[in-house]
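These figures come from a predicted structure and were not determined experimentally. Note on naming: letters A, B, ... go to the chains in the order of the sequence lines (proteins, then strands), and numbering restarts at 1 for each one.
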2 protein chains.
Amino acid sequence: MHSFTEENYLKAIYKLMENDGPEVSTNAIAAHMNTRAATVTDMIKKLSAKKLVHYTPYQGVSLSTTGKKAALSIIRKHRLWEFFLVEKLGFRWDEVHDMAEQMEHIQSPELVERLDEYLGFPKHDPHGDPIPDAKGRLPETEAALLLSAQKGKKYKMSGVIDHHVLFLKHLDEIGLKPGCIIYVDQITSYDLSLQIRINGGKPLFISHQIARNILITSSR
Amino acid sequence: MHSFTEENYLKAIYKLMENDGPEVSTNAIAAHMNTRAATVTDMIKKLSAKKLVHYTPYQGVSLSTTGKKAALSIIRKHRLWEFFLVEKLGFRWDEVHDMAEQMEHIQSPELVERLDEYLGFPKHDPHGDPIPDAKGRLPETEAALLLSAQKGKKYKMSGVIDHHVLFLKHLDEIGLKPGCIIYVDQITSYDLSLQIRINGGKPLFISHQIARNILITSSR
DNA sequence: TCCAATATTTAGACTAATCTAAATATATAT
DNA sequence: ATATATATTTAGATTAGTCTAAATATTGGA
C-alpha cells in the first residue's frame with residue numbers, strides 16, 4: 001500500500017503533531033527524520049497527492065483522516081512488536097526500538113490482530129506508551145511528570161517523555177521502569193532533585209533532568 | 001548490509017542451485033523472481049562486485065561462500081518466522097509464506113537467536129523444510145517421495161516438494177500435513193494413484209500428481 | 001514599514017531497481 | 001558446418017527517494 005518511506009513520514013508527522021499541534025513544519029520533519037528540507041517537501045507533495053496529508057505550500061502540513069489512521073496503524077504495530085520482544089523474547093525495554101522500527105512495516109492485518117490477541121491485548125508498550133486498538137483508538141492515559149510529585153506520596157511510573165536509548169538504559173540500570181512504584185521521600189527545592197525509593201528499596205537520588213522525563217500516575 | 005532486493009536474489013539463486021546444481025542461469029532467476037533477464041544481469045553484476053556470487057558472462061552464476069551464508073541466514077529467518085506464525089499465532093501452514101517473506105528481512109542477529117530459543121530450536125518449519133542453525137548448517141533430512149511408497153507400509157509425512165499455496169491448502173483440507181502418519185493401503189498400477197489412511201482415519205484417494213509432491217520418512 | 005534572518009520550495013542531479021528493444025553470444029538440428 | 005532458435009547482455013529510459021545549490025516566501029525586529 002504505502003512504501004516504508006511513506007510510512008516513516010506519516011509516523012514522524014503524527015509524533016510531531018502530537019507534541020507541537022496539528023500544523024507540522026517542513027524543517028521539523030527534516031530534523032526528526034534526519035533528512036533535508038527539500039527532501040521533505042518532495043515527499044509531502046507525494047503524500048498530499050495520495051490525500052494522506054493536507055498541505056499548503058509554506059504553511060506546513062497536517063495529517064488527513066486517512067493519514068492519521070495509517071500513522072496509528074504503524075504505531076500500533078511498533079508498540080505491539082516492542083511488547084512481544086520484551087515479554088516473549090526477554091529483551092530489555094531499552095533494546096527493542098530499532099527492531100520494532102523494522103517490524104512495524106510488516107503488512108498483514110491478520111498478523112497484527114493475532115499478535116495482539118497472543119500478547120493478551122496489552123494497553124501499553126514496555127515504555128508505557130499507549131497501544132492504539134485495531135480501530136486506531138488510544139487508551140485513556142492520565143499521567144503527570146515525576147517533577148510535579150509531592151513529598152511523602154507514592155506513585156506508579158507510567159512511562160517516559162524522552163525515548164533516547166541512553167536515557168532508557170540509564171533508567172533501567174538504576175531500576176526505574178514503567179510499572180514500578182516510586183516513593184518520594186525528599187524534594188530538594190534548590191535544584192529540584194528528588195530522593196526516592198523504588199518498590200520500597202534503598203534511597204536513590206534523581207536529578208531534575210531525569211524527573212522531568214518520567215511519567216507517573218497515582219499508585220493503584 | 002544487503003538490500004531486500006539483494007537478499008531476495010541470493011535466496012532465489014540458493015533455491016535454484018539446490019534443485020538444478022550450482023550453475024544458475026539468468027533466465028531461471030528471471031522466471032523464479034518474475035522479472036526480466038536484463039534486470040537479473042544487472043543485479044548479478046552488483047552481487048558479483050560484492051563478491052556474493054561468482055559470475056562469468058553467458059555462463060551463469062553460482063553463490064560464493066559468503067553469498068551462500070547470507071542466503072542460508074535469510075532462509076533460517078524465513079523458516080523460524082513461519083514456525084512462529086503457526087505454533088504461536090495459530091496460522092495454518094498454507095497461510096504463512098507471504099508474511100514470513102517480509103519478516104525474513106528483519107536485521108538483528110540477536111533477535112533471530114532469541115526467537116530460535118523461544119521456539120525451542122525447531123529443526124523443521126511447518127512445511128517440513130529444514131531450518132539452518134546459527135552457523136548455516138542444515139539438519140540431516142532423509143526423505144523419499146510418497147509415490148515410491150510400498151503397499152501395506154506406514155510412513156510419516158515429512159514435507160512437500162511443491163510449495164504453491166493452492167497445493168498446500170488442498171493438502172490441509174484433506175488432512176495431510178507434515179508429521180501425520182500415512183498408511184498405504186492400495187497402489188493402483190494403472191494411474192499410480194494411492195489409497196491411504198491418515199493417522200488411521202478413513203480411506204482417501206491420492207493422485208500420482210499429489211503423491212509425487214509429498215515427502216515421507218519411515219514412520220518412527 | 002522594511003530589511004535581514006529564517007524557512008521553504010524549485011531546479012537539477014544522483015543511485016537503486018526496474019523495464020523494453022536491440023545487439024550479441026551460445027546451442028542445436030539438420 | 002552452418003543457419004536458426006534461444007539465452008544473455010548492452011543501451012537507454014523510468015520511478016522512488018535522496019541530495020546540493022539557488023530562488024523565493026515568510027517572519028520578526030528596528
Colleague: Which part of the nucleic acid, if any, lies within reach of B:Thr5 when heavy atoms closer than 4.0 Å are counted: base, sugar-phosphate only, or nothing?
Modeller: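 Sugar-phosphate: the residue B:Thr5, judged by heavy atoms under 4.0 Å, touches backbone atoms but no base.
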Colleague: Between B:Thr39 and C:dC19, does any side-chain N or O lie under 4.0 Å from OP1 or OP2?
Modeller: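 It does, given that an N or O in the side chain of B:Thr39 lies less than 4.0 Å from OP1 or OP2 of C:dC19.
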Colleague: Grab the CD1-C1' distance between B:Ile44 and D:dA7 for me, whole Å please.
Modeller: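 It works out to 12 Å between those atoms.
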Colleague: In whole Å, what is the span from the CZ atom of A:Arg36 to the C1' atom of C:dC14?
Modeller: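 Interatomic distance, CZ of A:Arg36 to C1' of C:dC14: 15 Å.
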Colleague: So, applying side-chain hydrogen bond (donor to acceptor under 3.5 Å, both in side chains) with A:Arg76, which one of A:Asp133, A:Asp116, A:Asp125 is it?
Modeller: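 Result for side-chain hydrogen bond (donor to acceptor under 3.5 Å, both in side chains) with A:Arg76: A:Asp116.
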Colleague: Please state how far atom NZ in B:Lys50 lies from atom P in C:dA16, giving the value in whole angstrom units.
Modeller: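 In whole Å, C:dA16 P and B:Lys50 NZ are 9 Å from each other.
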Colleague: In this structure, how many angstroms lie between the P atom of C:dA25 and the OH atom of B:Tyr55, rounded?
Modeller: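 It is 13 Å, rounded to the nearest whole Å.
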Colleague: Let me know the distance between OH of B:Tyr58 and P of D:dT9, rounded to the nearest Å.
Modeller: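 Computing the B:Tyr58:OH to D:dT9:P distance gives 6 Å.
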Colleague: Whole angstrom is fine here: how far is it from CG in A:Asp42 over to P in C:dA11?
Modeller: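 Value for this atom pair: 11 Å.
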Colleague: Under 6.0 Å between the ring centres of A:His78 and A:His97?
Modeller: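 Aromatic pair counts; centres sit under 6.0 Å.
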Colleague: Looking only at the side chains, is there a donor atom on one of B:Glu7 and B:Gln107 sitting less than 3.5 Å from an acceptor on the other?
Modeller: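 Judged by distance alone, the side chains do pair up.
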Colleague: What is the distance, rounded to the nearest whole Å, between atom CD of B:Glu6 and atom C1' of C:dT15?
Modeller: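 Spelled out: CD on B:Glu6 to C1' on C:dT15 is 12 Å.
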Colleague: Specify the separation, in whole Å, of atom CG of A:Asn27 and atom P of D:dT27.
Modeller: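 After rounding, the gap between these two atoms is 14 Å.
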Colleague: Under 6.0 Å between ring centres: does that hold for B:Phe4 and A:Phe4?
Modeller: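 So the answer is yes for these two rings.
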